[in-house]
Amino acid sequence: MSEVMERRPDAAARAVDLDAIVVGGGLGGLYALNRLRKLGLKARVFEAGSGVGGTWFWNRYPGARCDVESLEYSYAFDNDLQQEWHWPERYGNQSEILAYINHVADRFDLRKDVQLNTRVTSASFDPAVNKWTVRTDQGDVVTAPFCIMATGNLSTPRVPDFKGIERFKGKWYHSGLWPHEGVDFTGLRVAVIGTGSSGVQMIPLIAKQAKHLHVFQRTANFSLPARNAPMDPVREASHKAEYVERRAAAMLTPFCIAGHPAPTKSALDVPEDERNAQYEAKWAEGGSISFLYSYTDLLVNKEANDTASEFVRNKIRSIVKDQAVAELLAPKDHPIGTKRLCLDTNYYETYNRDNVTLVDVRSAPIQELTETGVRTSAGEYEFDAIVFATGFDAMTGALREIDIRVGNGPTLAEKWANGPTTYLGLMISGFPNMFVITGPGSPSVKTQMIAAIEQHMNWIGDCVAYLRERDLKRIEPSQKAEEEWVQHVNDVADSTLYPMANSWYLGSNIPGKPRVFMPYVGGFVPYKAKCDAVAANGYEGFVLSR
Ligand code: N01
């Protein structure tokens, strides 16, 4: 960690005027800083954590690993960077990805403009001077014409408000706020609550350490084997030889990941044995994208999806020895892929261990935490440690926590009381000169996130350059353009099976959150084409002014 990062300037020295303020020092914020610097802008990043890395800084739970392959899940903006970096495994784990992000921060000398340990508390736009004033919990007051929210999609961890949580005498943890020194569960009685991607990754590893592990499952989730392995040097070399072409090819896929030939057939147009052989091959290969890309219609046709869902249910039944447990683990309430499809290493196998018990909290919900553990409507369980793998206030949580307003107008949280509205997921009408990286209404979490970040920030950089070249001081979407985009995002989601699942895509994991499908699932290609056309047409749908 550099000296510059740790130095805490005094309050007076911190009242500064910049060209752009970036909120968040993860993959989005760091790339934003790099891009803004290339335009000659003076920018500063504010980051709440004590290090850069965002998601990969906070999520240090056992088994934390990306579900996109490491050769894909990295920045594309600098060919030397992608040629030089060596990923040791097929999928990067948390510490490898964090090391990569720190390497990027050093290599591009980003740290001197990143202020750590600083949480942005408010951002207010003064229409008289067309400037944002951002305040932080460290007393900073910073002004700039542009504010870029790189606040992340899964950055507001959520611990359910269980009655009695303060009484619990053991230790509790959340996957997204994991202690840096790690946690040793050896010999302990442990509960994991939640079976999303985080739970599915940590459960096999905690089971190996704990005296006994109880997994509290409310909704069974589909998971596929990741088939992680050490990086194959031949594969790495051939990938690197074609890196630039592969990145370009990725931009022509729905999710910005190259190497998976587009499906050509409906699942219903092939005989059952051929279909199952196809699923079997994908299961053996590992990875979620390739599995869901087996046929054209797995995410739009329930009957087609049933074939894939049933294949995976049968796999669960074949792996888990106790058939009652297998049936509980086999999801029946949503089509495969409509909640984030998990990738695991020995997840279902873990339920064959003698020291692991699955607790169904759908039929017998958790009522409260007690001094010694968890009480459900079916009984009481004693624990030394409880792990909440209960997810995040996704996509809007981090933005709603900041007091964002224009003049004396309503806050962004108030504007979004009935669900987030944006134009292209990039900007919000009524909030000029504030850009969001991978905001709701953009493909974001339905793509390779780093590619989505780069596409957004390149668009934002071009937009800022366009305004500055023309001495334009202000940009915001028209109400009409925003309404039409929101309608389009909803129409596209409604043409798929996604709304059939109660997922964080819909905000349904947060009590009281409006049920609105947040990511754009029309695919990256049409989305980028729309963004590019909007820019080429003089920022169509936006109001630009002096
Ligand atoms: O969170 P989740 P996550 N009582 O919201 C349960 C990314 N990610 O941290 O489904 C009992 O998916 C909840 O149950 P239900 C990835 O995009 C990626 O696991 O709401 N249970 C669910 O089982 C992912 O999708 C990677 O009924 C409660 C779980 O907690 C996203 O982050 C790794 C409960 C939450 O699952 C979020 O994943 C990790 C309650 N009161 C994360 N409240 C990789 O790249 C919630 N639950 C591999």
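Just follow the structure's listing: the first ligand is 1, and inside any ligand the first atom is 1. The first residue of the sequence shown is numbered 1, and numbering continues consecutively from there.
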For this session: For ligand 1, note which part of F216 has a heavy atom under 4.0 Å away: side chain, backbone, both or neither.
Result: neither
Exercise. Using a heavy-atom cut-off of under 4.0 Å, does the side chain or the backbone of P160 touch ligand 1, or both, or neither?
Worked result: side chain
Exercise. Is the shortest heavy-atom distance from the side chain of S503 to the side chain of N509 under 4.5 Å?
Worked result: no
Exercise. Does any non-hydrogen side-chain atom of Y293 lie less than 4.5 Å from one of P263?
Worked result: yes
Exercise. Any Lys/Arg nitrogen of K315 or E280 sitting under 4.0 Å from an Asp/Glu carboxylate oxygen of the other?
Worked result: yes
Problem set entry | Part of S503 with heavy atoms under 4.0 Å of ligand 1, whether side chain, backbone, both or neither | neither
For this session: Would you list the pairs meeting salt bridge (charged side-chain N to carboxylate O under 4.0 Å, His left out) in which at least one residue belongs to residues 507-519, sequence neighbours left out?
Result: D393-K513
Exercise. Below 6.0 angstrom between ring centroids: does that apply to W178 and Y173?
Worked result: yes
Exercise. Between C342, S198, S223, which one has a non-hydrogen atom sitting closest to atom 38 (O) of ligand 1?
Worked result: S198
Seminar exercise, completed: closest protein heavy atom to atom 5 (O) of ligand 1 is W504 CD1, 3.5 Å
Exercise. Which bit of L154 is near ligand 1, meaning a heavy atom under 4.0 Å away: side chain, backbone, both or neither?
Worked result: side chain
For this session: State the atoms of ligand 1, each with its element, that fall below the 4.0 Å cut-off from a heavy-atom position in G194.
Result: 6 (C), 23 (O), 29 (C), 30 (O)
Exercise. Is it the side chain (CB and beyond), the backbone, both or neither of Q217 that lies under 4.0 Å from ligand 1, heavy atoms counted?
Worked result: neither
Problem set entry | Minimum non-hydrogen distance to atom 11 (C) of ligand 1, winning option of T219, V200, I193 | I193
Problem set entry | Those atoms of ligand 1 less than 4.0 Å from some heavy atom in C66 | 45 (O)
For this session: Enumerate the atoms of ligand 1 whose separation from the nearest heavy atom of K339 is less than 4.0 angstrom.
Result: 10 (O)
Problem set entry | Of the listed options R218, H334, M449, closest to atom 28 (C) of ligand 1 (non-hydrogen atoms) | R218
Problem set entry | Ion pair check, E327 and K332, cut-off under 4.0 Å | yes
Seminar exercise, completed: Nearest non-hydrogen protein atom to atom 26 (C) of ligand 1, with distance, is S197 CB, 3.8 Å
Problem set entry | Atoms of ligand 1, numbered as shown, that sit under 4.0 Å from any heavy atom of Y61 | 33 (C), 39 (C)
Exercise. Centroid-to-centroid, H180 to F57, below 6.0 Å?
Worked result: yes
Problem set entry | Aromatic ring pairing H239/Y243, orientation class (parallel under 30°, perpendicular over 60°, tilted between) | perpendicular
